Protein chains: 2
Amino acid sequence: MEGCPLKEGLEEILNRCSHLMSKKGYHGTSMRDLAKATGYSLSGLYNYFKSKDELLFLINLHGFSAISTTLRGMLESVVEPEARLYAVIYNHIRYFLAHMGEMRVLMLGTQNLDVEKSSTINGLKEDYRIQVQSIVDEVYSAKTGKRLSRKDLEKKTMLLFGMMNWVFGWYSPRSHGPADDLIEDIYSLFLRGLLVGRSKLSEADDVRRIYEANKTKIFLAEVN
Amino acid sequence: MEGCPLKEGLEEILNRCSHLMSKKGYHGTSMRDLAKATGYSLSGLYNYFKSKDELLFLINLHGFSAISTTLRGMLESVVEPEARLYAVIYNHIRYFLAHMGEMRVLMLGTQNLDVEKSSTINGLKEDYRIQVQSIVDEVYSAKTGKRLSRKDLEKKTMLLFGMMNWVFGWYSPRSHGPADDLIEDIYSLFLRGLLVGRSKLSEADDVRRIYEANKTKIFLAEVN
DNA sequence: AAACGCAGCGAACGTTCGTTCGCAATTCCT
DNA sequence: AGGAATTGCGAACGAACGTTCGCTGCGTTT
């Protein structure tokens, strides 16, 4: 993947804009808000991107390129399958925490973009997913000698992404300890859970029956 | 928790509105869009809620009350710690999949609501989290004889929520198989990962160093 | 039968939205 | 030095926003 540096000043603008958008959402953040937050005038912003859509596109482009590129760089120097999995998680969480606003915007999706822009982003997203997925594949094969089906591989990988992406919603170093510990938690939980086979629960059928029986009685909590 | 039925017709309105909002976001969905989707006129909608804010509040209120209530109901009939954990996951995923739009809106958060409304919602959210967390506590104690620290307990619980909440972004029965299998995947991965202790990786320090060395070289992908 | 309250609507309100335009200042290239 | 491109801004545009108003039916109560 080729690279080109960002226009002078644009990266800082993207940062501040992501930060705002991550709180209020794309439509909830106005160009006037963005102007105020970046220190530019409303019309002055249009020297850096030619529409609000393009701003969202640039944030997504920058984010996915960056996290994918740093991962690729790391993997060049790491060979052990387990260490490669660790590197994936380390890179993702570290980048995530250092760029909360940006990553939050990426998570909100690109439904607002036109087809061309959003398929460019989807391509990058897919590339990154494949990178991570192939590491999961590697580590599973190396440790068990068996191979996961594509369906299972995809599912496990997505569970890993779930754990990693959800941290934005709850993690604070102050109450949950250093990020490196969090990374090790995710690594341990995922790796152990991945390698140990599926565990059947004998009461599973009972649970299902109980759910079906209960699900009709749904009420709205009374709010005085 | 007391309950009261919803105003006639409101539940259907909430459903359709959540569905729209889950795609475009709160600010991205206009009252005119909602009117069109529900079949009411723009002004007619105001007979069911007195502002767009209140609509978002009602969706959140209904969602969190429902999932929390169904869980409470299930847990009354399930005693084995492992089965209780299974019930938590089963309930969450099943409800999630049956109410994708609503749940997606809940995930987007309540930053747009005033302080009173959003703290009501945060209370419900917290209640639900505590329910789940105490089950994780139970199952860990029962199987290991030890007790997790509050910090660790919170972290593990949040990793579970991450796996469960992220499904909205990728799961489709057609390509990933039946929901019951997904539920068992999450259950197995989480339970095994939870019970097996932390696994130290000897190369962890190397990975950290490599990340630090690489992270300065970030470029924007070239987009012809 | 009269009075009332409720569900529903079209039209309009004031505001805010994303974007454009014309023009000044600065920087860059030759 | 001088023209061209870039960076910046205030003012204004039409469109879309959430909400309100006054009115029409309609079912229920008195």
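Only a predicted model underlies this, so the values are computations on that prediction, with no experimental measurement involved. Protein chains get the first letters and strands the later ones, always in sequence-line order, with residue 1 at the start of each. Below, each value reflects all heavy atoms present in this structure, side chains not excepted, and no hydrogens, waters or symmetry copies.
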Figure out the [atom1]/[atom2] separation between [X] and [N], and round it to whole Å.
X: Glu54(B); N: dT20(D); atom1: CD; atom2: C1'; answer: 16 Å
X: Lys36(A); N: dG18(C); atom1: NZ; atom2: P; answer: 12 Å
X: Arg32(A); N: dC17(D); atom1: CZ; atom2: P; answer: 15 Å
X: Lys24(A); N: dC17(D); atom1: NZ; atom2: P; answer: 18 Å
X: Asp33(A); N: dC17(D); atom1: CG; atom2: P; answer: 17 Å
X: Leu34(A); N: dT16(C); atom1: CG; atom2: C1'; answer: 14 Å
X: Met31(B); N: dG8(C); atom1: CE; atom2: P; answer: 14 Å
X: Leu56(A); N: dG18(C); atom1: CG; atom2: P; answer: 13 Å

Side-chain donor-acceptor pair present, Asn165(A), His92(A), cut-off under 3.5 Å
yes
Atom of Leu71(A), atom of Ala87(A) and distance for their closest heavy-atom approach:
CD1-O, 4.4 Å
Taking DNA chain C as the partner, which of residues 37-49 of chain B come within under 4.0 angstrom of it by heavy atom?
Tyr40(B), Ser41(B), Ser43(B), Gly44(B), Asn47(B), Tyr48(B)
Should Phe57(A) and Thr120(A) count as side-chain neighbours, where that means a heavy-atom distance under 4.5 Å?
yes
Does a sphere of radius 6.0 Å around NE2 in His27(A) hold more than 12 heavy atoms from other residues, nucleotides or ligands, not counting ones at 6.0 Å or beyond?
yes
Around His19(A), counting heavy atoms of other residues, nucleotides and ligands shown, do more than 12 lie under 6.0 Å from its NE2?
no
Could you tell me the separation between the CG atom of Asp152(B) and the NE2 atom of His176(A), rounded to the nearest 0.5 Å?
10.0 Å
